[in-house]
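Please read the structure below before turning to the comments.
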Amino acid sequence: MSATGTRTDSQVGPPGSPGRPLPRGAVMVALGAFLLTLAALLPLYVHDRIALLPAQTRFDVRMVDEDAGYLDTSTWRWVEAAELTRVTRVDGSAHGGDWSAWEVSVDTSVPDRMIDHWSRRVIVDRETGRAVNCCGEHVDGDRAVRQAGLVYSWPPGAEEGDHPFYDAEVRSAPMLEFQEWDEVAGVPVRRYSQWVEASQVPESARPVPAGLFRSGARGTVTATRWLEVSRTFWVEPVSGIVVDAHETRSETLRPQDGGGEVPLLYAELVMADNQVSAYAEQARVRSVLLRALDSWAPWALGPLGGLAVLVGLVGAWRGHRADGAPADGVRSVDADAGPADREAPARRRGRRRAREPLDPQW
């Protein structure tokens with residue numbers, strides 16, 4: 001209350017005013033800048049992270065030959081026309097930021113028994129798909145190995161050229177040679193082939209009947225396993241996924257202290273049809289995603305972002321011109337002012353000059 005009893009307003013300061021609207025075109029400029037930033041990030045960062053092999057993975061590769069031959073070591077007789085299955089199981093877990101630790105087991109079996117089993121641990125570089133010498137790697141318990149080359153998957157977007165591929169059984173990485181472009185289940189793929197010459201499998205020495213090598217011989221002799229392999233892979237190049245694989249294996253036993261050899265296994269293994277179709281679909285989807293991130297999306301978002309920025313700038317320029325010009329039907333302040341109002345500024349200027357001190361020179 002004032003002294004006269006009149007109620008006064010308690011607000012301090014000037015009365016509030018409505019918020020100032022955004023400048024014309026600001027939203028379009030901001031949208032365009034966002035699209036341009038996204039167009040740069042997708043191929044330079046997002047694509048490279050998505051293209052890495054998964055840190056955690058679990059898959060089986062099942063290969064079959066319905067007309068294989070093998071040496072039955074319970075009777076030491078050769079068995080013909082057997083259905084033989086070779087299953088490679090992979091269980092991978094994250095190992096640091098860019099590596100994955102794969103625990104791999106390989107089982108070779110016929111319907112009534114397991115005829116071979118071995119395992120390995122390998123550290124895989126998720127960017128290159130190659131083995132890294134680290135962290136307890138081994139092949140069937142042999143920790144002195146130094147694995148190198150591709151483990152299974154190709155690096156996404158790899159060149160057509162040859163690649164070393166590690167054969168864990170013979171502890172070497174012969175080159176996989178590019179052969180030609182092909183198509184599997186409607187997916188364009190590259191075909192690679194590898195030839196592993198007859199090589200002794202390390203730590204494979206075992207006692208076997210001497211009669212296997214010399215008719216009528218008695219007792220046992222020490223023999224080692226020798227392996228000769230021809231492999232073919234069909235690889236979708238954008239994703240690096242192996243869509244199909246064939247493998248011809250020829251294994252023999254050779255005595256350490258004499259000549260001769262006996263066949264141990266012969267198989268022409270192919271990947272199961274349901275796995276081929278599943279891997280082909282997986283490769284198709286992943287290749288579309290990686291292509292979109294690397295080229296399609298940036299080429300679409302870049303021009304859209306540039307256009308949005310241009311539209312926003314043009315709108316801002318037009319808004320600035322419209323705000324600077326007087327609206328139609330509005331006269332200037334001097335035009336509406338009376339004679340006394342127009343003379344007031346001149347009187348104020350005169351009084352300011354009168355208060356200014358005179359120059360001493362005058």
Side-chain angles (χ1 to χ4, degrees), residues 59-71 79-90 102 104-111 114-120 122 124 129-131 139-140 147-154 162-180 182-185 187 189-202 204 225-236 240-253 263-280 283:
F59 63 90
D60 295 350
V61 178
R62 185 171 182 268
M63 305 184 74
V64 179
D65 182 1
E66 297 181 352
D67 191 24
Y70 72 99
L71 183 65
V79 179
E80 295 277 1
E83 181 180 344
L84 185 140
T85 303
R86 182 180 174 88
V87 179
T88 302
R89 293 185 174 86
V90 176
W102 284 18
V104 184
S105 65
V106 181
D107 296 325
T108 304
S109 62
V110 291
M114 182 84 66
I115 62 175
D116 188 37
H117 167 83
W118 58 272
S119 63
R120 68 189 281 210
V122 57
V124 182
R130 297 196 177 195
V139 175
D140 216 20
Q147 302 177 68
L150 295 177
V151 178
Y152 185 72
S153 300
W154 265 243
D162 303 342
H163 300 274
F165 186 91
Y166 190 73
D167 187 302
E169 290 181 276
V170 299
R171 317 292 203 268
S172 66
M175 297 300 292
L176 271 163
E177 299 178 357
F178 170 72
Q179 300 296 322
E180 62 179 356
D182 205 341
E183 184 176 295
V184 175
V187 176
V189 293
R190 295 173 183 163
R191 182 164 63 86
Y192 291 87
S193 294
Q194 182 191 52
W195 172 259
V196 179
E197 296 180 353
S199 305
Q200 180 180 319
V201 177
S204 63
R225 184 162 66 100
W226 287 68
L227 174 65
E228 186 176 342
V229 182
S230 173
R231 293 188 177 93
T232 303
F233 293 100
W234 286 264
V235 183
E236 198 288 312
I241 293 175
V242 176
V243 174
D244 195 4
H246 292 179
E247 181 176 303
T248 300
R249 301 177 62 86
S250 177
E251 301 182 18
T252 58
L253 287 174
L264 179 62
L265 182 145
Y266 182 83
E268 297 179 358
L269 298 160
V270 298
M271 192 180 291
D273 291 341
N274 60 338
Q275 284 203 325
V276 172
S277 58
Y279 285 135

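From a predicted model like this one, the values you see are computed outputs, not experimental measurements.
A distance of 5.5 Å separates CZ of Phe59 from OG of Ser153, quoted to the nearest 0.5 Å. Note: Glu197 CD to Leu227 CG = 12.0 Å, rounded to the nearest 0.5 Å. Residue Tyr166 holds its OH atom at 13.5 Å from CG of Leu150, rounded to the nearest 0.5 Å. For the atom pair Leu253 CG and Leu264 CG, the distance stands at 4.5 Å (nearest 0.5 Å). The CG atom of Asp182 lies 6.5 Å from the CZ atom of Arg191; values are rounded to the nearest 0.5 Å.
When each of Arg171, Arg130, Arg120 is paired with Gln147, the side-chain hydrogen bond (donor to acceptor under 3.5 Å, both in side chains) condition holds for Arg120 and for no other.
Contact of the Val170 side chain with the Val229 side chain is not registered, since no non-hydrogen atoms from C-beta on lie closer than 4.5 Å. Taking the side chain as every heavy atom from C-beta outward, Val61 and Tyr152 approach each other to under 4.5 Å. Taking the side chain as every heavy atom from C-beta outward, Arg231 and Val196 approach each other to under 4.5 Å. Between Val106 and Ser119 the shortest side-chain heavy-atom distance does not fall below 4.5 Å. Side-chain contact between Leu269 and Leu84 is present, with heavy atoms from C-beta onward closer than 4.5 Å. Considering only heavy atoms from C-beta on, Arg190 stays 4.5 Å or farther from Phe233 through its side chain.
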Task: Steps toward side-chain contact (heavy atoms from CB on, under 4.5 Å) verdict (Val151, Val104) - done: CA-CA 10 Å; Val151 178; Val104 184; 5.7 Å; no

TODO: Please report the C-alpha distance between Asp162 and Phe178 in whole Å, then the side-chain angles of each, then the deciding distance to 0.1 Å, and finally whether the side-chain contact (heavy atoms from CB on, under 4.5 Å) criterion is met.
DONE: CA-CA 6 Å; Asp162 303 342; Phe178 170 72; 4.2 Å; yes

- [ ] Apply side-chain contact (heavy atoms from CB on, under 4.5 Å) to Trp154 and Leu176, showing your working.
- [x] CA-CA 11 Å; Trp154 265 243; Leu176 271 163; 3.4 Å; yes

- [ ] Verify side-chain contact (heavy atoms from CB on, under 4.5 Å) between Thr232 and Ser193, making sure each step is shown before the conclusion.
- [x] CA-CA 4 Å; Thr232 303; Ser193 294; 3.7 Å; yes

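Dense packing is recorded around CD of Gln179, with more than 12 heavy atoms of other residues, nucleotides or ligands lying under 6.0 Å away. Counting non-hydrogen atoms of other residues, nucleotides and ligands closer than 6.0 Å to CG of Asp273 gives a total of 12 or fewer.
Residues passing the ring-ring contact (aromatic ring centres under 6.0 Å, His included) test with Tyr279: none are found, sequence neighbours excluded.
Residues Ala131 and Val122 share a closest heavy-atom pair of CB-CG2, 3.7 Å.
Ring to ring, Phe165 and Tyr192 are not that close: their centroids are 6.0 angstrom or more apart.
Taking the charged nitrogens against the carboxylate oxygens, Arg86 and Glu251 have no contact shorter than 4.0 Å, which rules out a salt bridge. Under 4.0 Å is where a charged nitrogen must lie from a carboxylate oxygen, and between Asp65 and Arg249 no such pair does.
The closest donor-acceptor contact from the side chain of Glu236 to the backbone of Val243 lies at 3.5 Å or more, if one exists at all. Although no hydrogens or angles enter the test, the distance criterion places a donor-acceptor pair under 3.5 Å between the side chain of Gln275 and the main chain of Arg62. Side-chain atoms of Asp107 never come within 3.5 Å of backbone atoms of Thr88 as a donor-acceptor pair (strictly under, hydrogens ignored).
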